[in-house]
Amino acid sequence: MSKIIKVLLNLALYSGILYIGIIILSKVFDIGTKRFLVFDEKKKKVASIGFLIFTGLIPVFLSKNTYALRTSILVLIYIVLALSLNFVLGFAGQLSMGHAAFYAVGAYTTAILTVNYNVPFWISLIFSALVAAIFGLLLGIPTLRLKGDYLAITTIGFGEILRLILINWTSFTRGPAGIPGIPSPTIFGYTINTNTGYFYILYILALITIFISHRLLNSRLGRGLIAIKDDEVAAEAMGINPTFLKILAFVLGAAIAGIVGGIFASFIHYVNPDNFTYMESVVILTMVVLGGVGSIPGVIVGATVLAILPEALRGISTYRYAIYGILLAMMMIVRPQGIISMASLKGGGGNENSRSQSSN
Amino acid sequence: MFMEQLSNGIALGSIYALTAIGFTMVYGIIRLINFAHGDLYMIGAFLTYTGLTLFNMPIVPSFLFGMVGAAAFGIAIAKFAYSPVFKAPRINLFLSAIGIAIFLENFAMLIWGPETQSFPSVINNKVYSFIGIRISSLQLIILGSTIVLVGILTYVVQYTKLGRAMRCVSQDMDVSKLMGINTDRIVYLTFALGSGLGAAAGTLVGMYYKAVYPMMGFVPGLKAFIAAVIGGIGSIPGAMLGGLIMGISESLGAAYISSGYRDAIAFIILIIILLLKPEGLLGKGIKEKI
Amino acid sequence: NGGGDSASEIFIASANPMTGDSAQFGDMKVKAIELALDEINEEGGIDGKNVKLIVGDDTGNPKEAPNVAQKFAGDDKILAVIGHWNSSCTLAARGIYEAASLPVITDSVNKQITDGTTPHMYRISLTDTTQAYNLAQYAFNKLGKKNAAILFTANDFGTGLKNDFTDEFERLGGTIVASETYFEGQSKDFSPQLTKIKGQNPDVIFIAGYYVETALIAQQAGPIGLDVPMIGTEGISSEELIKLGGDAVEGIRFAAFFHPEVEFPGTKEFVEAFRSKYNKEPDNYAALAYDSTKLILEGIKQNGATRDGITSYLNDVEDFPGVAGPISFVDNDVTRNILILEVKNGKIDLADIQLD
Amino acid sequence: MKILEANQVTKAFGGLVAVNNVDFHINEGEIVSLIGPNGAGKTTFFNVVTGIYPPTSGEVRFLGETIKKSRPSEITKLGIGRTFQNIRLFSSMTVLENVMVGQYCRTTSNLLATILKTPKLIREEKEVEKKVMGILDFLELTHLKDEIAVSLPYGYQRRVEVARALATDPTLLLLDEPAAGMNTGEKIEMTNLIKKIRDQGYTILVIEHDMKLVMGISDRIYVLEYGNKIAEGLPKEIQNNEKVIAAYLGKGGNE
Amino acid sequence: MLKVKDLHVYYGGIHALKGLNFQIEKGEIITLIGSNGAGKTSTLRAISNLIKSKGSIKYKDQEINDLNAEKIVGMRLIQVPEGRRIFTALSVEENLLMGAYLRKDNEKIEEDLQYVYKLFPRLKERTKQYGGTLSGGEQQMLAIGRALMSAPELLMLDEPSMGLAPIVIEEIFQAIKEINQENGLTVLLVEQNANIALQTAHRGYVIETGEILFTGNAKDLLHDDRVRKAYLGEE
Ligand SMILES: Nc1ncnc2c1ncn2[C@@H]1O[C@H](COP(=O)(O)OP(=O)(O)OP(=O)(O)O)[C@@H](O)[C@H]1O
Ligand SMILES: Nc1ncnc2c1ncn2[C@@H]1O[C@H](COP(=O)(O)OP(=O)(O)OP(=O)(O)O)[C@@H](O)[C@H]1O
Ligand SMILES: [Mg+2]
Ligand SMILES: [Mg+2]
């Protein structure tokens, strides 16, 4: 009994702290977005460049602290993964819960090509993107008939089937033993095997992904995608072919996830089916929703917070995931629209008598 | 051999079915994929176990303790984690449920410890066999209670005033209020019922395998989801049908294809069925009027 | 705690699954390590310094393991690590430990872990291959079985054992009549596999997995009408097997490195202390973790509180008196004997027939 | 010239025949109204024409060509734009963005061009914006262009729907109850608006229950009841048609 | 019977109702007219407590501002919501029976059901059809019928004429008048079609941007220049 009380007290304490943290952070972000929004284009540019330089120098700041540097590499990996899912979920509105599968395909493609066939890393990375894109195409197909929850369970199934193939097809994937010894990339004869090196590779990939997201969002195709997300029937009536665009989103998201998978494989030098479980897909999904579905800065923040959080909570080891769970539920309540929502970027915002009530 | 595998499949399928009923009922009423269903199933099993071992109660009160306790958990979750999110986009509810699932698993680990506990044998599990089919008394209980529950719940949801109110709440909460429905009460009732059913399933399965542990709900939760979708999510007889189909296909798949791909078989069947009939076998595809 | 300044304290770390499917194993290990540390701290620590444990949770997932490893590796006050329990985690993390010259004592069994590329990685259990060979010989030669069926868990541990057992059993002239798999922590229903195995008429079943599933397998075999002897690895060597399996696990034989009645210097005291502190029977992993801790502490005592000191101690140690038998490392692998245990009358006992 | 022609079109939902053997046509530059009691099959007829439902039997010809098994997006590309009876604006978009989506099918930039921002894309985007701003101006929506469309009052939302449909560059514009939920003043504005659109050279087919509006704009009127065409003709003729009065207009229809 | 005092509603930053005041006596038909976005729907939603509001709402001398929506329904204050909002996955008949959810007088319910079918024969033809597949106008009939099934004492209708055929509109307003005269039903009517609304109602309020501009006898309002210009579209 006393144990139960102790556990409950601890939980209450930790979630209380987190709750206050969330409230403060949301206020900060709200004020931040408002401030940022009234910036003119020029100031925005200056601010972005400043931010880029600052984040680009992270390895320098953290050169002493390998653990923090490693964590920031993970953050970058998740930013790219979350942004790649954002193409599917945030832009096309397709609830995909098997995104880790593409990540896995990319990782295994690079692992198998480099280890078994001695293909140079960069070339195998291209294959990672291609193979993952093909899988994206495959998974895109059911979405043409399925929606919402049905699609969600199908994508979970897809991810699990893939993982079971990785486990069972031992002659090809070495099964549960995983593939060790994945080499580091070389550029101009230099082998990149330091954390700093990987940081910059991923940093560049993240920038490219952000860039693509941004270009896409403010374009014809992006508007088409969002239209499908908002109302597929109306989108069709506007001459948009949802089949094509949804598959495009899946292929693009998958290809990017595939690339980051390939880099990840090289970074940890070892791939194993357990890296790509259903929970991994859930984590990526959570990042997108927590940050703000469809909102590029939101997704970046969401990925950052959720990649750091488990590390930050490492100190309270056994309570860690219990707290993580509470946090997730709490965020959905306190901040349903995400940390930086798409609506807030357009100058709107949530309110208690919100629209969703009044429309069916 | 085939008959034996078939009976294995039916036994397994009735476990899935029993788990899926509560899940699909909650979905049918709140349109919520209750990812925490499997974990309420676990909590129920643990509470019954606690009743039996710590409080030394006989099985029937322990069982009730488990069901009522899980129902209380269900209501608390509905109140604190789900109700406040009803007005937000669906995906938020979805993630809130995932958060609760993660929480419950780890909460149980903190309270009961991570290891597998053996569930005391309380029922003399006799094995009956005829024409090559073996079935144990617990399997019979599981199958029997599944069938009875499907009957009762289908009747309640389809043909009673309460059931109609439940279906209304699932479609439009505001307008349900305008009908005079106490929507909160319906939601809590649904959750209490769903969680209680989950707890019953968890306890029976715990007895059947003689083991309870914090992660025991994860796979059944997912399987219940698949079974419910195969049968047509929201349809109570569908959940039973889906559960049986899955159990049988898994058994036969493990026997004649490969035990390593056993779980994949469930998913492949799911995908095939959905591609042929996107609303599931017994699901009603109510098309949106344009 | 935490208030003491680090110079007056010594830190070692342990990385294990503390949450998730295999949390129970990590739990056992940490209990044993803490027992060992309590003992030394009660005696006044090492040179007056208390020894403290930092626990890292790898959740049994190779994705988490490197993060834990990096945290330990980057923390200069940590002198040695006990763990990881899962082979996949050890494989994923070992490069990081190696880069930081941080000595690690693991009880993972995958043979690749000590492939020579990571000299700071020591294994205190036997590899899957060694166990599988010994068990194959035991089944074939000692028990006289010719047709074996295998049920293995679909992770590196299970698949490794399955492959090696198959090789050796077939080399000896036996036949593997069926190989079926399942998923640790997820599979609960084994009737399709067991029914299939029954159809192949094996005279022995080798279970390459852990105790929870083994208990379930044994229970489900009865009603299906599959009544053949079962053998297993150290993965099932735990009192829990009997708690979970009851009568059904009677007669199961399995490999182990530790048994309370196989007494070495200190075994009895360890078992009693463990029982009285935790009200639990220590198992294989507890014993090995206890021995690992003692080894590290001895290394610190002898060579001082540095990573290199511990490493060189481990390289040179010979016949360290562990509770699970004397310990020496050859090419980073421990040399030790395999015991065969058997469940008799609801208790784990030494089997009548042992390996030579 | 006949822009749209329906021959013996039937649409059944199970046993329910929502549209029954309807012959219909509309000439270039006309405003034609489709009226009839609730549930007569008017919206269903729209849905058949725009490819949302395939006809159970019969054929629809657009600009002389039979529309066969086309999906709605292709039909829109052919030149049929529509609005919806239950407003379906894109909820996360501003007015401007909503209308820009209309231009989707008239532009071609692909993914690569989007990422590289080719000169062609820049040109295209500029043209789209110009065109859309023109439409917004025309419908007097410019001052609302940065509002989230669904947060506007009903009347404006209907206008945005019309603007969005116009942005698809339709030859034929289908309006499903464009004035529903508007007050009399706004209805008059809508009447004028529809005329103005026609004067720009569009052909328009309207479903509407407001007789003032219908009588005020229509060149011809078709009347459906229970899926059957019960009358067609000039407004005057319809207004005095006994069958139509009994089934639909009631005694007040003449007010 | 209903007295609204200083009612305020906020949507986030938008101040939609800015201190509304009006009242309805028993047996009256009152109409609320105003252009798009004036706040009519918000008023009704606030009265039914579907959205949060500030101010006082007194119904039958009881403060109902903080009562749950379903309690208010129990007091026979019934609303036909804007935009139909019927239960799409329930059959026509089930939808109608939902209206009678709180009622126990089974015989009277059956009687009312027949009355609704008489009023809307179309619905009678479709008792088993899913609400969701009805045409727009049929759905509107169903929404009104459902509210009548609640045995209202004060019925609030939000744009009942929207999407209905002229003949049906006539019938509905005729029916409203009839029920009002025969059973003393009190009605709060929100309409865009000011003409018919004012012809049906006893009194009217004109609401603009969340405030009551003026009020008066329906007949007078019908001839009031301001009304004629703004809401009847006459120059
Ligand atoms: N998807 C569907 N399934 C079954 N019945 C349908 C479906 N869509 C429409 N109906 C039925 O077909 C008939 C015609 O409907 P439609 O929407 O075309 O009517 P309408 O003329 O537009 O009426 P209104 O003026 O009320 O909008 C109605 O009786 C309706 O109930
Ligand atoms: N959910 C909401 N979120 C934000 N603003 C809203 C919401 N609902 C209404 N509004 C705003 O509140 C004001 C009043 O709206 P309301 O719907 O009450 O008007 P109305 O008089 O019923 O108009 P209509 O005739 O178009 O139905 C409008 O400016 C509207 O845009
Ligand atoms: Mg219609
Ligand atoms: Mg309104």
Side-chain angles (χ1 to χ4, degrees), chain B residues 1-9 11-13 15-16 102 105-106 109-110 113-121 125-129 134-136 138-139 205-206 208-216 218-220 222-223 247-248 250-263, chain C residues 16-28 57 59-60 151-154 158-159 178-200 210-213 215-216 218-220 222-225 238 240-248 280 283:
Chain B
M1 172 79 166
F2 178 79
M3 285 313 275
E4 270 184 62
Q5 290 293 13
L6 195 66
S7 66
N8 289 339
L12 182 64
I15 289 176
Y16 290 154
I102 296 174
E105 281 159 16
N106 289 281
M109 222 173 276
L110 288 168
E115 62 269 16
T116 305
Q117 317 271 357
S118 80
F119 202 97
S121 306
N125 198 8
K126 257 181 79 182
V127 181
Y128 308 91
S129 79
R134 285 195 185 75
I135 194 154
S136 71
L138 253 171
Q139 284 171 346
V205 174
Y208 182 64
Y209 294 127
K210 298 200 191 72
V212 287
Y213 55 102
M215 297 300 288
M216 73 184 277
F218 182 76
V219 174
L222 205 58
K223 292 274 167 79
I248 292 170
E250 266 189 37
S251 270
L252 297 183
Y256 297 106
I257 301 173
S258 148
S259 44
Y261 284 109
R262 183 171 161 177
D263 287 342
Chain C
N16 290 298
M18 302 310 295
T19 55
D21 285 341
S22 342
Q24 46 208 337
F25 300 105
D27 189 51
M28 266 312 212
D57 180 13
T59 68
L151 249 175
F152 65 100
T153 178
T159 37
S179 284
E180 296 295 320
T181 189
Y182 65 86
F183 294 89
E184 184 216 348
Q186 304 190 358
S187 307
K188 284 294 141 292
D189 177 65
F190 299 89
S191 31
Q193 286 98 321
L194 291 170
T195 306
K196 196 171 165 190
I197 287 176
K198 191 183 80 174
Q200 306 299 322
Y210 307 104
Y211 63 78
V212 174
E213 283 78 16
L216 287 170
Q219 279 173 355
Q220 291 173 29
I224 282 174
S238 164
E240 300 288 320
L241 176 71
I242 298 168
K243 274 205 205 136
L244 293 172
D247 293 344
K280 267 195 171 123
D283 63 8

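All chains are named by letter (A, B, ...) in the order of the sequence lines, taking the proteins before the strands, and each is independently numbered beginning at 1.
Side chains of C:Asp189 and B:Tyr209 form a contact here, defined as non-hydrogen atoms less than 4.5 Å apart. Residues B:Met216 and C:Gln186 fail the side-chain proximity criterion, which asks for heavy atoms closer than 4.5 Å. Side chains of B:Thr116 and C:Gln24 form a contact here, defined as non-hydrogen atoms less than 4.5 Å apart. In this structure, C:Lys198 and B:Glu4 have side chains that are in contact, with non-hydrogen atoms separated by less than 4.5 Å.
Looking at B:Phe119, there are no atoms closer than 4.5 Å to chain C (heavy atoms on both sides), in backbone or side chain. If you measure heavy-atom distances from C:Asp27 to chain B, the contacts under 4.5 Å come from the side chain alone. Heavy atoms of C:Leu244 lying under 4.5 Å from chain B belong to its backbone as well as its side chain.
When the salt bridge (Lys or Arg N to Asp or Glu O under 4.0 Å) test is applied to B:Lys210, no partner is found at least two apart in sequence or on another chain. Scored by the ring-ring contact (aromatic ring centres under 6.0 Å, His included) test, C:Tyr211 finds C:Phe25 as partners (sequence neighbours excluded).
Annotation: maximal heavy-atom pairing with chain B below 4.5 Å, among C:Met28, C:Lys243, C:Lys188, occurs at C:Lys188. Comparing C:Gly222, C:Ala23, C:Ser191 by heavy-atom pairs within less than 4.5 Å of chain B, the highest count is held by C:Ser191.
A distance of 8.5 Å separates CD1 in C:Ile224 from OG in B:Ser7, rounded to the nearest 0.5 Å. One finds the CD atom of C:Gln193 at 8.5 Å from the CD atom of B:Gln5 (value rounded to the nearest 0.5 Å). Within the model, atoms CD of C:Gln220 and OG of B:Ser136 stand 10.0 Å from one another, a figure rounded to the nearest 0.5 Å.
For the pair B:Arg262 and C:Glu180, the salt-bridge criterion is not met [side-chain N within less than 4.0 Å of a carboxylate O].
A donor-acceptor pair under 3.5 Å is formed between the side chain of B:Ser259 and the backbone N or O of C:Thr181.
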